[in-house]
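This report refers to the structure that appears directly beneath it.
In each ligand, atom 1 is the first atom listed, and ligand 1 is the first ligand listed. All residue numbers in this chain count up from 1 along the given sequence.
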Amino acid sequence: MSYRRVAKKDEVPDGRGLCVQIEGIDVGLFRVEGVIYAMENRCPHAEDPLSEGLLEGPIVTCRAHGWQFDVRTGFRPEDGDGFPIPRFPVRTVDDWIEVDIHAPAGR
Ligand code: FES
């Protein structure tokens with residue numbers, strides 16, 4: 001485990017995500033009911049940053065062409081058996097968000 005401190009909790013906006021860079025990888029941070037989730041910030045369709053999409057509940061809608069993903073799982077809501085966007089474990093320490101990009105989050 002190698003958690004990196006990436007942002008303060010209150011930097012993650014409501015209704016969309018926050019992009020942070022960790023070792024050259026763009027990671028999107030999303031808040032759902034007070035819990036922070038982290039996943040690769042590239043939409044698999046045409047690589048638009050998902051952190052710029054609209055977040056409603058756990059579903060982020062890509063601003064480019066409307067594909068949707070559940071930020072808790074990385075899967076498209078209508079395709080739970082498809083190939084998910086890679087997600088990463090998150091922990092919070094005091095007011096800070098820490099992410100470990102070397103330990104993919106479980107399904
Ligand atoms: S780039 Fe995300 S839906 Fe096309």
Is any side-chain N of the basic residue among Asp100 and Arg4 closer than 4.0 Å to the acidic one's carboxylate O? no

Below 2.8 Å of atom 4 (Fe) of ligand 1, tally up the protein N/O/S atoms for me. 2

Can Arg63 and Asp48 be counted as an ion pair, charged N to O under 4.0 angstrom? yes

Is the backbone N or O of Pro49 less than 3.5 Å from a side-chain atom of Glu52, with the two atoms forming a donor-acceptor pair by type? no

For Ile97, is there any backbone N or O sitting under 3.5 Å from a side-chain donor or acceptor partner on Arg91? no

Quick one, Asp70 with Arg72, criterion salt bridge (Lys or Arg N to Asp or Glu O under 4.0 Å). Give me CA distance, side-chain angles, the key distance, then yes/no. CA-CA 5 Å; Asp70 188 325; Arg72 300 169 303 178; 2.7 Å; yes

Work out which heavy atom in Ile36 is nearest to a heavy atom in Val12; give both atom names and the distance. CD1-CG2, 4.1 Å

